[in-house]
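In what follows, a single structure is set out as structure tokens and then discussed.
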Amino acid sequence: MRRERPLSVRQEAIMRLIRSWIIEHGEGPTIRQIGASVGLSSTSSVAYQLGQLEERGLISRTGRDWSSCRLESPKPPRHGLRA
């Protein structure tokens with residue numbers, strides 16, 4: 001049984017920022033806005049963190065830009081027999 005590793009401190013900060021930014025502005029922040037808020041100067045580092053969060057199913061995006069991202073409900077862990 002594989003356990004999902006917990007979010008890093010930086011990933012948690014990014015999730016909090018996205019959540020509050022969407023509430024305040026109605027859309028997600030840009031990569032540069034995320035980087036400035038969480039202390040990452042490299043846009044590729046921000047994109048990597050966002051990709052990790054997207055892979056885990058915590059965020060998704062409707063367009064090519066990360067400002068189109070939205071928060072997803074985490075999927076409950078599966079128990080029992082595999083389908």
Side-chain angles (χ1 to χ4, degrees):
M1 182 176 199
R2 187 174 160 216
R3 297 186 104 177
E4 191 72 33
R5 64 188 184 285
L7 294 179
S8 69
V9 172
R10 183 151 285 146
Q11 289 171 336
E12 286 181 13
I14 290 171
M15 289 295 292
R16 279 192 306 272
L17 172 70
I18 292 171
R19 187 174 295 113
S20 65
W21 194 279
I22 290 173
I23 290 168
E24 190 173 324
H25 300 281
E27 65 180 13
T30 66
I31 284 184
R32 291 186 192 280
Q33 290 164 331
I34 293 170
S37 296
V38 299
L40 288 171
S41 58
S42 167
T43 56
S44 64
S45 294
V46 177
Y48 172 79
Q49 295 295 334
L50 292 170
Q52 293 296 304
L53 293 170
E54 187 176 36
E55 228 176 74
R56 294 177 104 174
L58 298 173
I59 62 173
S60 66
R61 53 186 164 165
T62 57
R64 188 169 171 247
D65 296 330
W66 280 108
S67 60
S68 69
C69 78
R70 62 178 180 227
L71 299 172
E72 297 292 334
S73 299
K75 307 280 187 282
R78 292 179 55 178
H79 299 286
L81 299 174
R82 292 184 185 177

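Note that the coordinates shown come from a computational prediction; the quantities given were computed from them, not determined experimentally.
Here the CD1-CD1 distance, from I14 to I59, works out to 8.0 Å after rounding to the nearest 0.5 Å. The line from OG of S37 to CD1 of I18 is 10.5 Å long, rounded to the nearest 0.5 Å.
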What do the steps show when you test M15 against L71 for side-chain contact (heavy atoms from CB on, under 4.5 Å), and what is the final call?
CA-CA 8 Å; M15 289 295 292; L71 299 172; 3.7 Å; yes

Test log, rule side-chain contact (heavy atoms from CB on, under 4.5 Å), inputs Q49 and V38
CA-CA 11 Å; Q49 295 295 334; V38 299; over 6 Å; no

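Considering all non-hydrogen atoms of both residues, Q33 and L17 come closest at O-CD2, 4.3 Å.
The side chain to side chain contact (heavy atoms under 4.5 Å, CB included) search around Q52 returns R5, Q11, Y48, E55, not counting sequence neighbours. With sequence neighbours excluded, the residues forming a side-chain hydrogen bond (donor to acceptor under 3.5 Å, both in side chains) with S44 are S42, listed by chain and number.
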